Participant: 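Questions regarding the structure given below will be posed in turn.
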Amino acid sequence: MSQQNRLGTGGRIDRSRPLRFTFNGVDYQGFAGDTLASALLANGVDVVNRSFKYSRPRGIVAAGAEEPNAIVQLGASEAAQVPNVRATQQALYGGLVAASTNGWPNVDRDLMGVIGSVGGKFMPPGFYYKTFMAPASLWPKYEKYIRKAAGLGRVPKEADPDIYDHINRHCDVLVIGAGPAGLAAALAAARSGARVILCDEQEEMGGSLLDSRELVDGRPASAWAAAVLAELATLPEVLVLPRTTANGYHDHNFVTLHERRTEHLADLAPSLNGRRQVRARMHRVRAGEVILATGTHERPLVFSNNDVPGNLVAGAVSTYIRRYAVVPGRRLVLSTANDHAYRAALDWHDAGREVVAIVDAREHPEGDLVNEARARNIRIIPGSAVIEAQGKKRVSAVQVARIDIGGFKVAGRVETLACDTIATSGGYSPVVHLAAHTGARPEWRDDILGFVPGKVPGMTPVGGVHGKGALIEALADGAAAGTAAAQRTGFTAPAVELPKVAKVREGKAAALYQVPHVKPAMRAPKQFVDPQNDVTAAGIELATREGFESIEHVKRYTGMGFGTDQGKLGNINGMAIAARCLKQTIPQTGTTVFRPNYTPVTFGAIAGRNCREFFDPRRFTALHAWHVEHGAKFEEVGQWMRPWYFPRGNESMHEAVQRECRAVRESVGILDASTLGKIEIQGKDAREFLNRLYTNAWTKLDVGKCRYGLMCKDDGMVMDDGVTACIAENHFHMTTTTGGAAAVLDWMELWHQTEWPELEVYFNSVTDHWAAMAINGPNARKLLAELTDDIDLSGENFKFMDWRAGTVAGVPARVYRISFTGELSFEINVQANHALHVWQALFDKGEKYGLTPYGTETMHVLRAEKGFIIVGQETDGSMTPEDLGMQWCVGYKKPFSWIGRRALTRPDTKREDRKQLVGLKPLDPQLVLDEGAQIVLEKEIRIPMPMVGHVTSSYFSPTLGHAFALAVVKGGSQRMGQTVYLPMADGRVHAAEVVSPVFYDAEGARQHV
Amino acid sequence: MLHIYCPHCAEYREEEEFRPKGEAHIARPVAPEAASDEEWGTYLFFRKNPRGLHHELWYHAAGCRKFFNATRDTVSYQILETYKVGQKPSVVAGQSSNKGAAK
């Protein structure tokens, strides 16, 4: 297809570089320098999508980020699919493949359109809430079809092969937007030597300078932009980032910039010198000063059928003609309320096409551009507006009428004018989104009929974003702000000589948002406010009639400004309509809150390199390679990878765990316990600190001894436990749970630094420095004896809860005689880099004892048989030591009121019906209860039914020969021997007997041998 | 993301290095056993949630591992000052915040 709308000369495209592309399966040609949107318009493609709710044909409206309709699915292959790309922001490249996101089977013959035109009447705002909310169970079924009909693009089914980076940056002055004000600001700041970052979201920097009719220093405005960019490129402290959107403005001048480095070249990042390029970068910028030069978005007028393809905002018409040499039609009607939009008619006229009429809402338009139009004998219809467009897939005519803005009514006869394009302008809305991200509410200004950014510390708005959109003003405003910002960050900025620009005289704009129709809004053909979300003026009226008075509620009820649109094109019109209906002013009505991101950001850029193995760090013990080699299955405990069990041959997990359990109980097993948290505590007050931190007493713990300690929060609830050894009088070695290590260290620092700074004590994490190997079982002593000759292992000289320093397998070791299985046990600690050597030596000597490696699952079974708790499994932040039956570990007589003590005498912690730790013996000895199962006292189920507790740990014990469980039950210590019931989701009700939580060797004989 | 001045490091660092630890200046009763249940409950569970100036405890967890206090405006998120544990804030709620805002 030929480019029938392309001009023979002009524009910023490169006619020597034609590019082929495909849209909805049809091949087209454009030029280098095109956007997908300009190339589609050049080829006369009118319908680019179907609308979200009513499935109406839609065409291109705008030329930038505010485009509501031309939302496409991009990508030639499955892995390259990108949903929700605005055609106006996508540079054209050779081989580009795009498709409409809506429309089935295609945009020209849309089946949903039939449903939309019939069903549209029955789909007012709130339709989904009203229609589909009951019964709730059917919502997923409705949603599936609604989503298919709506179609907001789709995610790729294959993994994204591209790579993305995050970069932290610091600068003195960040300039967002490279239009006239931004360029002037950047230049002024940069000449001071300050570190300046200049970013702009478009393919080419320059903003409105690229399609301006005005001259700067007697030359085209774009030449001045090029000269400034050339100078900035020579300054070493300046970073210029094209194709980079400031998508979020966060606290304390932290701005995230999304730089697209290859998306103008191909759908997947091409290789350069044999390496795949980074597709996008997220710059995380901490700026001293931010200069907001984001300009304005033009507001379309709201009138009937203003969504028929061929409706554009006036500025976009100028942009397409002057920048891309594309005239998107033959016969133009311009409907405006201001002078500035006259440019569209003049540019159209310059291109040699017909301007049917300029319809101006003002009675007496007066200004330089108006006079230029008059001089060309273009018909100007004053005091009037386009009230309705005609046509289905393209505008064929407009109805124009005299209007009474104040009375909101049509005030004269209706005239029909044949045309194929309507350009409209209701005014210029400052792009306040970024400033609003910080929480600063935009402020209304009557003189410019728009909201300007609220005050943000360290941020200066320049140019159009605060009402200084005229070129001559924007340049001066930007230069002054750039100089001032550089000075505030400590630089001296030389004066910037402003280029010469002629002043353009403009008449006062009229406040026109929704255009009245001869019929009331509810009966007139649809007047679209937010085309992307299919929100109409009538919908907003209905919302206000139904009692939605807050603009935030109107937004949620109608969907205005939702999703990827974020209220760019239609929000001010919508607020104006709500204000009219509520009989209040626009500032009284207020704005909705804009949130990051300004335009959609691909998840790849958000994730950066924090994916796959870098998503969450994994920690491995010094013995990890051995475990892998020996077929261990792993379990993630916090960030640690711990062996879960070591299957042999085709063993199931159950079989492996039963075998590992028997090995420990009958001979000897070994556990890699290196992941336990380890904290060094030193200083003359170390012992006193332990007394205050732990529930039990530490005053009499001698050097060479260990003690189990229980830690509570000050509310009396157990938070951690572990064994602490006295290494020397002022030196202790603490162990914590694997998951709790970092939190316990923070906890100790908190108390030391904020409550007891007078105590002389120091803490340090040594978790990674020590490897710990626990050998458990009746043969543990015999095995260890073969590897040490300087530690007396005899029962009388190395008692349970003693520790000894010495040599194991020829390397220095600390051996702790502690037990988490109830068996005779030694925990050998060596420097981590000696671990594999010692572990291997143990296996060399241990073969004759059948030394068996075991994992966390066997550890859990063995400790549960002994009734040993695991913090976080038997406890959940609501268990006191007494709830756990651990009164023996509570030193009520200690002189200092240790952490948690006072709370243990509160009435609530003394209640007798608190949940208490018990054992459960299922009546069916083979039945392993579900962990987390709720416990009730009666077999017959009724609703409601008091639930008295839940199962915390549950296993099958090969040693006991039956299943068993630990549980917490209200008043459990008084229920020994009673039967409780566990109703399951499938209707079965299990029964179990309440027993002591210690199932095995209650007197502790086995660990004391 | 907040930019926080650590009074121990004497530098601004990114919020990622810090952890908030709730309201500052919560003193544990000196004689817990003498405290009534109500007093103890107040110490344990009751915290301010002001709109405006708030004194908060922060922890430079991925830095110097020191705790310190910050006076922060919960509406604007502006941090008016940070100061070491044991020190008194120079800006407090109810007073003019102009002094701190200049920082």
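All chains are named by letter (A, B, ...) in the order of the sequence lines, taking the proteins before the strands, and each is independently numbered beginning at 1. It should be emphasised that the depicted structure is a prediction, and the values quoted were computed from it without experimental measurement.
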Participant: Considering only heavy atoms, which portion of A:H170 lies under 4.5 Å from any heavy atom of chain B: side chain, backbone, both, or neither?
Facilitator: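 It is the side chain, since no backbone atom gets that close.
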
Participant: Considering only heavy atoms, which portion of B:K84 lies under 4.5 Å from any heavy atom of chain A: side chain, backbone, both, or neither?
Facilitator: neither

Participant: Is it the side chain or the backbone of A:R286 that comes within 4.5 Å of chain B heavy atoms, both, or neither?
Facilitator: side chain

Participant: At a heavy-atom separation under 4.5 Å, does A:A440 approach chain B through its side chain, its backbone, both, or neither?
Facilitator: neither

Participant: If you count heavy-atom pairs within less than 4.5 Å of chain A, which of B:L57, B:V75, B:L44, B:I26 leads?
Facilitator: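 Heavy-atom pairs under 4.5 Å are most numerous for B:L44.
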
Participant: In terms of heavy-atom proximity below 4.5 Å to chain A, should B:Y77 be classed as side chain, backbone, both, or neither?
Facilitator: both

Participant: Just do the side chain to side chain contact (heavy atoms under 4.5 Å, CB included) check on A:V761 and A:H752 with the steps written out, would you?
Facilitator: CA-CA 8 Å; A:V761 59; A:H752 181 226; 3.7 Å; yes

Participant: Is it the backbone or the side chain of A:L750 that comes under 4.5 Å from a heavy atom of chain B, or both, or neither?
Facilitator: both

Participant: Salt bridge or not for A:R284 and B:E16, using N-O below 4.0 Å?
Facilitator: yes

Participant: Sub-3.5 Å donor-acceptor pair from the side chain of A:T460 to the main-chain atoms of A:I291, do we have one?
Facilitator: no

Participant: Considering only NZ, NE, NH1 and NH2 on the basic side and carboxylate oxygens on the acidic side, decide whether A:R619 and A:D768 come within less than 4.0 Å.
Facilitator: yes

Participant: Hey, which of A:F763, A:F896, A:W751 is the one that makes ring pair (Phe, Tyr, Trp, His ring centres under 6.0 Å) with A:F689?
Facilitator: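 Running ring pair (Phe, Tyr, Trp, His ring centres under 6.0 Å) over A:F763, A:F896, A:W751 with A:F689 returns exactly one hit, A:F763.
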
Participant: Less than 4.5 Å to any heavy atom of chain A: does that hold for the side chain of B:R19, its backbone, both, or neither?
Facilitator: side chain

Participant: Looking at residues at least two apart in the chain, or sitting in another chain, which of them share a salt bridge (charged side-chain N to carboxylate O under 4.0 Å, His left out) with A:E755?
Facilitator: none

